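Inspection log for the structure reproduced underneath, given as structure tokens.
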Amino acid sequence: MVDSEPKFFIPDSIQGVNFDVTAQLRMVWEVIKAPLIVPLLNLAVYICLAMALMLFMERVYMGIVIILVKLFWKKPHQRYKFEPLQEDEELGNTNFPVVLVQIPMFNEKEVYKVSIGAACNLSWPADRLVIQVLDDSTDPAIKQMVEMECQRWASKGINITYQIRETRGGYKAGALKEGLKRSYVKHCEYVAIFDADFRPEPDFLRRSIPFLVGNPDIALVQARWRFVNADECLLTRMQEMSLDYHFTVEQEVGSATHAFFGFNGTAGIWRIAAINEAGGWKDRTTVEDMDLAVRASLRGWKFLYLGDLQAKSELPSTLRAFRFQQHRWSCGPANLFRKMVMEIVRNKKVRFWKKVYVIYSFFFVRKIIAHMVTFFFYCVVIPLTILVPEVHVPIWGAVYIPSVITILNSVGTPRSIHLLFYWILFENVMSLHRTKATFIGLLEYGRANEWVVTEKLGDSVNSNNKNKSGDAAKKNVATKAPKKTRSKFVERLNLLELGFAAFLFVCGCYDFVHGKHNYFIYLFLQTITFSIVGFGYVGTIV
């Protein structure tokens, strides 16, 4: 009898293999790898290399410009008219413009006294200074404490006003906009804005206002941030390195070449007329400060950055607070780019090269490409090429370009040069979070307009906690319930980072056994960093 059962033809390469799940997956992989996986991964490599080159050229350009600025550019008081304001024997204080100081707050229990005190101690004639505390707090006890602090300074002769709203509509932008509607603000020419954790030096206004008075085309004077808790833990040191580059290079280059940069939202002084001409504060994104800056710049206003004018502030010292902040700082610019790119293109008031700078350099490369290439190239594509050896990544793209970019990024914080390698690993981890936020902003979905106020602990509180850490730790051990400890541990977990840690570990193991480029050293170190962030312990490393 002829056997009527159907016959299956199996490729010679896998004959004799038991058809278990592993073998079937291997067969599928071999079938699709050459016609599909290899071309797609090659395309991803080419795209990532192009993005890396864009970021590389941007960093080199800014490096060259900042050197020229430091060596040959005139200082701000030489480029612009600057005459110190002084009291007149006959006119008294009338030659001093009336300045409004706005301090937006939201449940700022730990820092409200410091910020209000710093504003009230500004060296400026008392009859020419108006201080607004814009309190959106939802905790009645905190609102009462802030109001009492304002009353205490008012009893000393300070013109300080405590303002509240019925709702938090528009968040910070809404509070600032509401503050400018007050009748007494019509007498003010300029407004200085300080977040609740910022503490300007007493001479802050005397060193900045003259630039606005003497140069009617300047709309904004931005000061540099300094951080009172930079040495608190490894997390704050990493943030200091990134922000110092932003201020030392990005803001300085933008100010010197195009008189444009993004307003940092605090430690800056605006000409109120420029705010009104630009359309006032808008809450359409989570970066209302950048939104206002771009709109004002498109109307021809100039900005000035003063690197030697500094205001102390506080960095987020917990991973949760830092992640929320980075989501807002990454999602907001991408969302603003989506909303304003065509408005910038159609603008007739600014020159062509300034529009190129704003669209390409300021938005596209720094706010979008920088996050994406860091994540996709160094955390996804390169590890995948280990599993697909047919795809080659040139060494200049995998090693040389990121090395040069990293060295250029380190110029802002020379004291932390020994932390440079870990900073690279940490930035790669955070690029996952930033890239996700960037896509949310570009596509405008989900958490695109989420606003979570950055938690502030106060530097005095932090120092007290450090001094009492020994006793407190003993007490916590005795009083904590096991169930509460477990719940806190679960809350600290970041599953996405842990998932990537597992992926990189697998790629590292494969490279250790089969690879030829020794990428496993980098992959294992990156796995450790992803795991540290995944378990939520980066903020506890001192």
Side-chain angles (χ1 to χ4, degrees), residues 44 48 232-243 315-332 334 368 370-387 402 406 409 419-443 445-448 450 452 454-455 485-512 519-542:
C48 288
E232 181 179 344
C233 61
L234 190 58
L235 175 61
T236 54
R237 291 291 293 271
M238 299 297 101
Q239 294 176 70
E240 181 192 36
M241 294 176 70
S242 299
L243 288 172
L315 292 165
S317 55
T318 65
L319 182 61
R320 183 176 183 273
F322 180 60
R323 282 165 58 91
F324 277 124
Q325 182 197 69
Q326 292 302 297
H327 174 86
R328 190 171 75 245
W329 287 4
S330 302
C331 177
I368 297 175
H371 304 322
M372 292 187 178
V373 70
T374 303
F375 171 64
F376 285 120
F377 197 21
Y378 303 109
C379 298
V380 178
V381 173
I382 289 180
L384 284 177
T385 60
I386 294 171
L387 305 178
T406 300
N409 280 344
L419 296 174
L420 194 58
F421 187 74
Y422 186 76
W423 177 79
I424 299 171
L425 300 174
F426 178 72
E427 285 293 294
N428 287 348
V429 175
M430 291 309 302
S431 70
L432 164 63
H433 194 63
R434 292 167 182 150
T435 299
K436 183 177 70 172
T438 300
F439 276 115
I440 290 174
L442 286 174
L443 301 176
Y445 75 95
R447 299 166 56 198
E450 179 186 66
V452 178
T454 305
E455 179 187 13
T485 303
R486 285 197 298 271
S487 65
K488 283 188 175 182
F489 175 77
V490 172
E491 290 175 0
R492 295 168 71 109
L493 292 179
N494 300 301
L495 298 181
L496 197 56
E497 282 83 351
L498 291 175
F500 265 93
F503 163 69
L504 294 174
F505 180 73
V506 170
C507 293
C509 291
Y510 187 90
D511 186 61
F512 179 77
Y519 285 155
F520 66 87
I521 300 174
Y522 156 74
L523 292 173
F524 286 151
L525 290 173
Q526 193 66 72
T527 297
I528 294 172
T529 310
F530 263 101
S531 300
I532 292 173
V533 176
F535 286 112
Y537 285 113
V538 68
T540 63
I541 301 175
V542 179

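Bear in mind the structure is a predicted one, so any value in this text is a computation, not a measurement.
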Testing the basics here: between [X] and [Y], what is the closest heavy-atom pair and its distance to 0.1 Å?
X: Leu315; Y: Glu240; answer: CD1-N, 4.2 Å
X: Val380; Y: Phe503; answer: O-CZ, 4.3 Å
X: Ala437; Y: Ser330; answer: CB-CB, 3.8 Å

Nearest-0.5 Å distance that lies between atom [atom1] in [X] and atom [atom2] in [Y]:
X: Tyr422; Y: Arg237; atom1: OH; atom2: CZ; answer: 13.0 Å
X: Leu319; Y: Phe324; atom1: CG; atom2: CZ; answer: 10.5 Å
X: Leu442; Y: Met372; atom1: CG; atom2: CE; answer: 5.5 Å
X: Ile368; Y: Phe439; atom1: CD1; atom2: CZ; answer: 9.5 Å
X: Ile382; Y: Tyr522; atom1: CD1; atom2: OH; answer: 6.5 Å
X: Met430; Y: Thr435; atom1: CE; atom2: OG1; answer: 10.5 Å

side-chain contact (heavy atoms from CB on, under 4.5 Å) evaluation trace for Phe426 with Leu234: CA-CA 10 Å; Phe426 178 72; Leu234 190 58; over 6 Å; no
Crowding at CZ, Phe376 (>12 non-hydrogen neighbours, <6.0 Å):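 Enclosed.
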Side chain to side chain contact (heavy atoms under 4.5 Å, CB included) partners for Leu387, two or more places apart: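 So Leu387 forms a side chain to side chain contact (heavy atoms under 4.5 Å, CB included) with Leu384, Cys507, Tyr510.
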[X] side-chain N/O to [Y] backbone N/O, donor-acceptor pair under 3.5 Å:
X: Gln239; Y: Pro316; value: yes
X: Thr374; Y: Asn428; value: no
X: Asp511; Y: Ile386; value: no

Using a 3.5 Å cut-off and no angle test, enumerate the donor-acceptor pairs between side-chain atoms of residues 527-536 and protein atoms at least two apart in sequence or in another chain.
unit_1	atom_1	unit_2	atom_2	d
Thr527	OG1	Phe505	N	3.3
Thr527	OG1	Leu523	O	2.7
Thr529	OG1	Leu525	O	3.0
Ser531	OG	Thr527	O	2.8

Side-chain contact, heavy-atom cut-off 4.5 Å: [X] with [Y]?
X: Tyr519; Y: Pro383; answer: no
X: Arg434; Y: Glu427; answer: yes
X: Gln326; Y: Arg323; answer: no
X: Trp423; Y: Asn409; answer: yes
X: Thr236; Y: Phe322; answer: no

Whether His433 and His327 hold their rings parallel, tilted or perpendicular, with breakpoints at 30° and 60°: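 Ring orientation of His433 relative to His327: tilted.
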